[in-house]
Structure formats: C-alpha cells, structure tokens
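Just so it is clear, the model here is predicted, and its values are computed rather than measured. Note: hydrogens, waters and symmetry copies are ignored here, and every other heavy atom, side chains too, is used.
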Amino acid sequence: MAGHYEAPIRKPLVTGDKSYHDVTLDIVAPVEGRANKQWWIVFSIAAVAFLWGIGCIIYTISTGIGTWGLNKTVGWAWDITNFVWWVGIGHAGTLISAVLLLFRQKWRMAINRSAEAMTIFSVVQAGLFPLIHMGRPWLGYWVVPIPNQFGSLWVNFNSPLLWDVFAISTYLSVSLVFWWTCLLPDFAMVRDRAIKPFQKRIYSILSFGWSGRAKEWQRFEEVSLVLAGLATPLVLSVHTIVSFDFATSVIPGWHTTIFPPYFVAGAIFSGFAMVNTLLIIMRKVCNMEDYITVQHIELMNIVIMITGSIVGVAYITELFIAWYSGVEYEQYAFLNRATGPYWWAYWAMMTCNVFSPQFMWFKKLRRSIMFSFVISIVVNIGMWFERFVIIVTSLHRDYLPSSWTMFSPTFIDIGIFIGTIGFFFVLFLLYSRTFPVIAQAEVKTIMKSSGEFFKKSREANDGVDVIPAKPTNTVFNGFDDNTSAKAAAPKKAEEIDMEANKENLSALLGTIGTFDSVTQQADDLKKINGIGPVMEKTLNQIGIYTFAQVSKMTENEYNLLDSITGSFPGRAQRDDWAGQAKKLIS
C-alpha cells in the first residue's frame, strides 16, 4: 500500500533519521534552549544598525525633513524608494504560504512560518517611511477617515496614497491573522512542555486554549484555507495599488499600464529572494539543516529564476513601448535612465535583476548554499535600485530644463534605511527565539512520504513501511524483524572534542564525580527517559557511566553538559535526568 507515497526519485524534505519526537525536540530547541554564538553575532549587528536608525529618526523628527536630501524637483526619493522596496518584500511572504497551501505543496511546510513572519515585519518597516515623511508623525491619524478636531478636514479618497493606507492595513491584518492561526498548535506544544509557570502562562494565552481535538483540527484546516484564499488576491491588489502611486501621474516613465503586473512580479521576485536569505540564516542559527534542506533552497531558486525572467521581460517591454509610442518625452526618460547621470543605478538594476538569476539554470549553483545566499542578497539590492531608478531618474529631469536637478541622499537618509534593516532582523531573530520557526504539526504530516528514514526503509523493503519498534527521544533504535540491515543501522554518536571542552569536562566531572572501572559497575543509562543508545555513548565518552553521577546534576551541570554535547539544549533539565536517576538508585 505504498501507491500514495512519493516516488523514490523525489529527494526527502526532512533529512536525518528523524522520529516524530525528534521533530518536536528539534523545532522547540531554539525556544527552550540557549541561543548559540551565531545567533548572538547576527543579533548584535542588527541591534547596532537598529539603534543607529533610531538616532537618525529622532534627529529627523526633532529637526525637520530638511535633514533629508530632497529638493523641489525630487520631492519623492529615498524614503519612497525604501517604502516600495519593503512593501514588495512583505507581499511575497504570505503569497508563498497561501499559494503553496492552496496547491498542496509539501515543501511549503519548512518555509511558510518564516515567510509569514517576514511579511509582518516587512510591512512594519514599510509603514514607518510614510509616517516619518509626514514631518509630524503624531498627526498620522489624519489619513484615517474619522472625525477630527478641525471638522472640515477629511481624507481624499481619490488619492492613490490613501488607497495605500487601506490596502496595506487590510493586507497586514489578514496576514497577521493567517500567521497567528497557523501558530496555535505550536504555541500549545511549547505550553505543554514548559516547566516555568510564567512561561506556561504566557504560551497558554497565546495558544487560545488549543487542545488538539479533532474538531479543532477540522476548523483549523477550514480557516487556513479561507485565509489563504483571501490573502492571495490581496497580494495582487496591494502592489497593484502601490503601482498606482506612479501610474496615475503624467510623469514620463510612470504613466504606463504595465506598472500593476510589473510591480506584482517584482514584489514576488524580491520577496522570494528575501525568504531565501532568511531561510539560509535560520537553518544555521537555529540548527534546522534537517528541515530547511538544500532541496528547499533549490526550489526557491527556481522560482527566483522564473520571476527574474518575468521582470526582465517587463524591462524590455518598457523600452519597446517607449520607442513604439513615438512620444519624445517617454523616449528621453528611458534613454536618460540608461545613459544619463544615474546610468550606474540603471545598469546595477539590470545586472542584479536580469542577469544574476540566470545562473540558477545550473543545478550545481542553485544547490550551493553560499551561492544562493549571495544571489538572494544581490537580487534584493537590484530590486532596491529598480525602485530608485523608477522614482529618481523620472523626477530629476522634468518637462522644464530649468527644474532639472540631482538628488543625493544624506547620512540621515542612509541611516534610517539601515536602521529599518536592523529593526527587521532584530524582530526576526527575537521571533526565532520565542516562536517555533517551523510548523511541527505540518512537518509531521509529511514524514512518512518525505522523511528520509521512511523513504529509505520503503526502498529497502520494496515499498512496505517500517515503523520503529522502540522509538527513543533521539533516533529510531528498534525495528521490526523484516527491516534490512541497511535501514536498521544505528546512528553513530558524535565524537566529542575532548581538548576543546577540557575545562568544561573538568568542571562537570569535578562536581558529579568520576567513574572507576575497577571498583564500579556501569549502569544502563538508557533506563533514564530521554537517554537513548546514541546519547548513552556520548555520556560514556564524556566519562558518565552511573546513575550516581547523573543524580548529582543541577542546573549548572546541565548547562555544562549542553555546552559539551551541543545537542538538544535544555533537554536533560526538562526531562529531569537527576530526579530519574535518584529514583533508579533507590
């Protein structure tokens, strides 16, 4: 009965010999354990950038918009470029999750949570720029059609800028509900595992009383599909409305009907690239290599290649229509982009957005993690230049030569933009330490069809599923009698670097005591819940052989053990190995 499973030619989406319990432990580890060194490095860099941006924003608000590089001709420049760039990145997140859910794509499971979080945090950054651009952000509520102290002051519903307010706020609301709904089972999982009362209380509130009953799962599926169906057209409509900021004007280079689909394609293009950037960082700082696999990165790269080609066609179409129209102003606008004072920005845009994604035709390159990371950053740089080219090069050469001028950003402009990038990564990294970054319940649904262990066991047993007879907390160690030797090969314990951990080993064994093979007899540590054959070998390698040693562990010894083994931080304390060992001794 293996007909409904994936063909062997398909690569697994969950690598490693993972059991269902392993999935839970791996995904909850960043939330329950301590942050590793890589997380702290990235967070520190992001926090410095964020603080710099905060300083620039305070200086702008206290001094005035004159601190920016704007002038009478280029009234829109750096801030609107950044606004459209952030909106574009944000739109792809929910689209990725919603469309892949509607099309039942299994590779969605590992990336949807990060993509949805990216949407929320990106839209937050985008919303900052129009607010700051007002000059008096404390009057930002004037854009909302509510009664105010002036009575006659009312919003202009004919303005595309007001359409932005409604479209983006609606999109943010739907995306937030979609993201939160999908988090409920994972919040409940963290709640049920929590040891500290405060942590249990917080996650109880966040999980909205989720109990995992069949009726709740049914409603969960229904609501997810409805929200996905709402979010998909919203993605298309929101960036279409953003393009109307430009398309409804009469400025050469803006007044064109290609802008709505062109902006949507560009938003998906830049959004997929940012998701790829975040996934590559996430798999490293949260130790998620077995769930965010090279296969996921390759599939994302294929989408980047396709959407990059669509954006390239849009560029060529713009040039052709400008020539075919016979309108000299339109022709000059595009000639000026390519050969004028801002030629470097135009060709940077073309190189990053059109030429760089074409490297993804080569399988070796699109399966390279480092190359994918570089290309994802290059694409987002290129999409920023695209918005800069559209806005600045169309404005700095007006109909009247007397109003021609150049735009140069000030250090305040640059600082605010860098600050929003830092703010984005600060939010994302904090999210990765408090929320499960992968939907563990959804990943478990694809284990039998796309888990590496199950795929190998079916191949070794002619399509018959092999279920481990004695699953432990780390790997599958017991198998049915018909399991082949190849499928049943136990996972080897990782070698501990004794020299690098010499100080921690000395401190640990100095507290719990050492084992004397002459006078003492080793205990079966596997009797402790949470210790399997692999972990037992690791503990033996460290020098821990008896229940007596384990029973002496306190929080300090647990932390030392985590730093030495580097696997499943906090597990020993959560499972209370010391308490179990004391009971076994008595």
Side-chain angles (χ1 to χ4, degrees), residues 13-36 38-40 43 109-114 116-117 179-212 217 220 278-279 281-293 428-447 451 471-476 528-532 534-535 555 558-559 561-563 565-577:
L13 296 176
V14 180
T15 58
D17 295 334
K18 300 294 182 182
S19 69
Y20 290 104
H21 188 57
D22 290 331
V23 173
T24 300
L25 291 177
D26 289 347
I27 292 175
V28 82
V31 179
E32 295 180 338
R34 293 187 173 186
N36 57 23
Q38 292 94 329
W39 187 92
W40 280 110
F43 182 79
M109 308 303 182
I111 67 172
N112 65 317
R113 188 65 53 74
S114 296
E116 292 160 12
W179 179 53
W180 201 271
T181 300
C182 295
L183 274 165
L184 293 179
D186 298 285
F187 282 147
M189 177 263 293
V190 179
R191 174 200 66 197
D192 295 340
R193 293 178 54 84
I195 296 176
K196 299 177 181 177
F198 176 75
Q199 187 182 32
K200 185 179 285 288
R201 178 63 178 165
I202 292 297
Y203 283 101
S204 295
I205 296 171
L206 295 178
S207 63
F208 290 174
W210 177 274
S211 63
W217 278 110
F220 175 83
L278 295 175
L279 289 178
I281 294 174
M282 189 62 62
R283 72 195 299 270
K284 190 67 177 175
V285 301
C286 292
N287 300 317
M288 293 293 177
E289 287 90 345
D290 289 329
Y291 303 95
I292 305 172
T293 65
F428 199 87
L429 289 167
L430 289 175
Y431 143 79
S432 72
R433 296 284 301 132
T434 52
F435 295 179
V437 296
I438 292 177
Q440 52 92 21
E442 295 183 13
V443 169
K444 289 176 181 179
T445 65
I446 65 170
M447 286 287 288
T472 69
N473 286 358
T474 52
V475 293
F476 294 128
I528 297 176
N529 182 34
I531 299 181
V534 174
M535 181 54 73
E555 183 178 357
Y558 287 138
N559 293 335
L561 182 64
D562 288 342
S563 66
T565 62
S567 61
F568 303 121
R571 181 180 62 183
Q573 186 172 2
R574 288 194 302 275
D575 291 343
D576 190 18
W577 288 4

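- Across every non-hydrogen atom of Ser207 and Ala188, the tightest pair is CB-N, 3.7 Å.
- Taking the side chain to side chain contact (heavy atoms under 4.5 Å, CB included) definition, one finds that Trp180 meets it with Leu184, Phe187, Leu206, Phe208, Phe435, sequence neighbours left out.
- Heavy-atom neighbours of Trp40 CH2 from other residues, nucleotides or ligands within 6.0 Å: at or below the threshold of 12.
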Could you go through Asp186 and Arg113, starting from their C-alpha distance and side-chain angles, then the distance that decides it, and tell me whether this counts as side chain to side chain contact (heavy atoms under 4.5 Å, CB included)? CA-CA 11 Å; Asp186 298 285; Arg113 188 65 53 74; 2.9 Å; yes

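- Residues satisfying the side-chain hydrogen bond (donor to acceptor under 3.5 Å, both in side chains) criterion with Ser114, sequence neighbours excluded, are absent altogether.
- Taking each heavy atom of Leu183 and Pro436 in turn, the nearest pair found is CD2-O, 4.1 Å.
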Begin from the C-alpha positions of Trp210 and Asp192 and carry the test side chain to side chain contact (heavy atoms under 4.5 Å, CB included) through to its verdict. CA-CA 11 Å; Trp210 177 274; Asp192 295 340; over 6 Å; no

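- In plain terms, the two heavy atoms of Trp217 and Ala441 that are nearest each other are CH2-CB, 3.6 Å.
- Within the model, atoms CD1 of Ile281 and CD1 of Ile292 stand 11.0 Å from one another, a figure rounded to the nearest 0.5 Å.
- The side-chain hydrogen bond (donor to acceptor under 3.5 Å, both in side chains) search around Trp39 returns Ser432, not counting sequence neighbours.
- Side-chain atoms of Gln440 and Val28, non-hydrogen and from C-beta on, never get closer than 4.5 Å to each other.
- If you run side-chain contact (heavy atoms from CB on, under 4.5 Å) between Tyr291 and each of Ile111, Val437, Ile438, only Ile438 comes through.
- Listed by chain and residue number, nothing satisfies the side-chain hydrogen bond (donor to acceptor under 3.5 Å, both in side chains) test with Arg283 (two or more places apart in sequence, or in another chain).
- Atom CD1 in Ile528 sits 11.5 Å away from atom CE in Met535 (nearest 0.5 Å).
- The two residues Asp290 and Thr293 make their nearest non-hydrogen contact at O-CG2, 3.6 Å.
- Every ring-ring contact (aromatic ring centres under 6.0 Å, His included) that Phe428 has, sequence neighbours left out, goes to Tyr431.
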For a quick test of your reading: what N or O donor-acceptor pairs under 3.5 Å do the side chains of residues 197-204 make, sequence neighbours left out?
| residue | atom | partner | partner atom | Å |
| --- | --- | --- | --- | --- |
| Lys200 | NZ | Arg191 | O | 2.9 |
| Tyr203 | OH | Thr434 | O | 2.5 |
| Ser204 | OG | Lys200 | O | 2.6 |

